[in-house]
Amino acid sequence: MKIAVEGCCHGELDKIYETIGYLEKKEGVKVELLLCCGDFQAARNEGDMKCMAIPPKYRMMQTFYKYYSGEKKAPVLTVFVGGNHEASNHLQELPYGGWVAPNIYYLGYAGVVRYKGIRIGGVSGIFKSHDYRRGHHEFPPYDPNTLRSVYHIRNIEVFKLKQIQMPIDIFMSHDWPRGIYRYGNTADLLRKKKFLRQEVESNCLGSPANEELLAHLQPSYWFSAHLHVKFAALMQHPSKANAAPRTTKFLSLDKCLPYREFLQIVDVAERAGSSEGLEYDPEWLAILKATNSLQRTTPHPWNPPENNGLHERWDFRPSEAAMMQVVKDLGGDLSIPDNFSRTVQPYDPNRPEPHAAASCNTNPQTTELCATLGLTDLYAVVGQGGVDLSRHPGGFGGDDDDDGEGVDEPSEYPTDTSGLSSSYNPDEITIEDEWEEEEEEGEEGPKDPEGGCNPKSPAAGEHLSEVSAGEGNTPGRMVLPAPKSDASPTNLSLLMNLPPASHSTPGDDGEEAGALRALKRTSDEGEAAGSGGPTPRIKRRNQVIYTAVEDDDD
């Protein structure tokens, strides 16, 4: 089964689907699934753009609204997780996941689904220590703080994912698991992104929460984005009990821009006898039911229950009976219903409404799922004033009846914030600087005038150049040999054999012999001027990183 993996989307669905279509035609293959690793930007109208952590001058509607309105339909089933540039009010309608448009599915704050027998999990957002222990308390209209905290990952989502016991095939996150760079070509990474050296040397690059999930879940594949660079790694985990050691193939991709490696095709074996279409995962739904009372919708810090004698229950791994009950609750049908419905009026380019207010609606998909499984619609609760679920009128019980209990309680939970106050996610930088990002030294190609994702589209009837002349493999195919059991992280990096990923624009005609020729795109869009002189300068975004100040904004 061919699966396309994409890095940061930034709303450029037309460009991404166009590139997939070209690869399918050129290679005679069929891509069955597209996985997007965050910064999806599912903005439905002008009000949604006000809920995105992007400066007003860089807010562009892009193309998602066409798929939301029904003007277009995604040609390939698309599954995505959230990043740090999202229409947060839209995604908050679907805390447990759901359709944001026909054939485009969001995994929620955290989630697991199945497609043709393949278990696909993911977690949305990025890690910031000062919000990690809080509940999902944000609600539109956001203030400057909640506009950013809304996309910060919370410990309850990590706790839920740690209850999973059955193997995960594919896992997605926006930011990287901390330390994964040690299992790939670190020198090449630092050559491409020199400003990451300090984070690598201090072991601060990546998310400690994702590091913990990687160690627990040990998926066959882990896909990420966020750092705007292609990077592959191969990690062999220590064996658990008497089981054979598992191996994770990690791949991070760039954002959808000219000259960027933003798309890769991966071969994953589907399981015989599996049903068609996207399905719920019974183990995950059983976990959602079991942990429903643990969820919080207030900003008070909170620690999940542990096996320390202070909690009546700390193990929420579902039993087989609990999973069978979930199947019964769903009427024996695990297929995710095609129940997408619009909750706001989509953008109309002929009737712009620049002063439209941000919407805050409950979503019928969430309402239906909550009624079926006895879950709580977090967005609805926050809209009612952030009632703590342990005291919710619906009778949800919790270990702590006092809202403030446990605030100062020390925790042995590995990703607690107590020892991570100096951690810094290197690409959650000043938003203005990210949008004005210059090409790194050595990269080629025109810079987009807005700093956004605007690869050039081919005009009708024009031809695209060969991607990899003389190669028999599908462009962008991920080829990883089996790891050696005695290989160190350094040795593992030498085992990588990844052909270049698919691009959206060509390199210069003077490329060296044998170098990849990328997909050419031409259109009536104007060419942007290139970057300045050859002398590189330290960008303001890098200066922010070097100061190691933990903040989202200047």
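Atoms considered below: every heavy atom in the structure, side chains included; atoms not considered: hydrogens, waters and symmetry mates. Remember, it's a predicted structure, so these values are computed and weren't measured experimentally.
Under the 3.5 Å distance criterion, with hydrogens and angles disregarded, no donor-acceptor pair is assigned to the side chains of Glu138 and His152. Remark: the Tyr67 side chain and the Asp14 side chain contain an N/O donor-acceptor pair separated by less than 3.5 Å. Side-chain contact annotation: Gln62 with Lys15, donor-acceptor N/O pair under 3.5 Å absent. A donor-acceptor contact under 3.5 angstrom links the side chains of Glu93 and Thr343, judged on distance only.
Judged by distance alone, the side chain of Ser124 and the main-chain N or O of Val81 form no donor-acceptor pair under 3.5 Å. Between the side chain of Thr376 and the main chain of Cys370, no donor-acceptor pair closer than 3.5 Å is present. Although no hydrogens or angles enter the test, the distance criterion places a donor-acceptor pair under 3.5 Å between the side chain of Lys50 and the main chain of Ala356. Judged by distance alone, with hydrogens and angles left aside, the side-chain atoms of Asn89 form a donor-acceptor pair with the main-chain N or O of Ser359 at under 3.5 Å. Not a single donor-acceptor pair under 3.5 Å links the side chain of Gln295 to the backbone N or O of Ile156.
Here Phe340 and Tyr68 bring their ring centres to under 6.0 angstrom of each other. Ring pair Tyr105/Tyr115: centre-to-centre distance not below 6.0 Å.
For the pair Val266 and Leu35, the minimum side-chain heavy-atom distance is 4.5 Å or more. At a threshold of 4.5 Å between non-hydrogen side-chain atoms, the residues Arg148 and Lys128 do not count as touching. For the pair Leu373/Leu369, a side-chain contact is recorded, criterion being any heavy-atom separation below 4.5 Å from C-beta on. Using a 4.5 Å cut-off on side-chain heavy atoms (C-beta onward), Tyr17 and Thr78 make contact. Side-chain contact between Asn45 and Glu353 is absent, with no heavy atoms from C-beta onward closer than 4.5 Å. The shortest distance between side-chain heavy atoms of Gln365 and Ser341 does not fall below 4.5 Å. Contact of the Ser173 side chain with the Trp222 side chain is registered, since non-hydrogen atoms from C-beta on lie closer than 4.5 Å. Inter-residue side-chain proximity for Leu23 and Val31 is flagged as unmet; no heavy-atom pair is nearer than 4.5 Å.
Residues Arg59 and Met49 approach most closely at NE-O, 3.2 Å, considering heavy atoms. Between His85 and Asp39, the closest heavy-atom pair is N-OD1, 2.9 Å. Considering all non-hydrogen atoms of both residues, Asn103 and Pro75 come closest at ND2-C, 4.4 Å. Between Leu161 and Gly122, the shortest heavy-atom contact is CD1-O, 4.4 Å. Closest approach of Glu283 and Arg119 over heavy atoms only: OE1-NH2, 2.9 Å. The two residues Tyr58 and Ile54 come nearest to each other via the heavy atoms CB-CG2, 3.8 Å.
Classified by interplanar angle (parallel below 30°, tilted 30° to 60°, perpendicular above 60°), the ring pair Phe40/Phe80 is parallel. Ring pair His10/His228 is perpendicular by interplanar angle, where above 60° counts as perpendicular and below 30° as parallel. Ring-plane geometry between Phe250 and Trp176 is classed as perpendicular, the angle between the planes exceeding 60 degrees on a 0 to 90 degree scale with a lower cut at 30.
Summarising the geometry, atom SG belonging to Cys256 is positioned 6.0 Å from atom CD belonging to Glu6; distances are rounded to the nearest 0.5 Å. From Lys230, atom NZ reaches atom CG of Leu253 across 7.0 Å, with rounding to the nearest 0.5 Å. Here the straight-line distance linking atom CG of Asn210 with atom CD1 of Ile180 works out to 10.5 Å at 0.5 Å rounding. Interatomic distance, CG of Leu378 versus CD of Gln92, reported as 9.0 Å (0.5 Å rounding). To the nearest 0.5 Å, the span separating CZ on Arg154 from NZ on Lys160 amounts to 12.0 Å. Atom CG of Leu13 is separated from atom NZ of Lys66 by 10.0 Å, given to the nearest 0.5 angstrom.
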Assess the residue pair Tyr142 and Ser149 against the criterion (side-chain contact (heavy atoms from CB on, under 4.5 Å)); give the C-alpha distance rounded to whole Å, side-chain angles, the decisive distance to 0.1 Å, and a yes or no.
CA-CA 10 Å; Tyr142 305 113; Ser149 68; over 6 Å; no
Using the rule given for side-chain contact (heavy atoms from CB on, under 4.5 Å), can you reason through Ser224 versus Asp175, listing the C-alpha separation, both sets of side-chain angles and the distance that settles it, and then say yes or no?
CA-CA 6 Å; Ser224 296; Asp175 51 356; over 6 Å; no
Test side-chain contact (heavy atoms from CB on, under 4.5 Å) applied to Val5 and Tyr221, step by step:
CA-CA 11 Å; Val5 183; Tyr221 295 91; over 6 Å; no
Check step by step if side-chain contact (heavy atoms from CB on, under 4.5 Å) holds for Tyr96 and Leu288.
CA-CA 9 Å; Tyr96 307 113; Leu288 290 182; 4.0 Å; yes
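Salt-bridge annotation for Asp169 and Arg271: present, with a side-chain N of the basic residue lying under 4.0 Å from a carboxylate O of the acidic one.
Partners of Asn361 under the side chain to side chain donor-acceptor pair (under 3.5 Å) rule, at least two apart in sequence or in another chain, do not exist in this structure.
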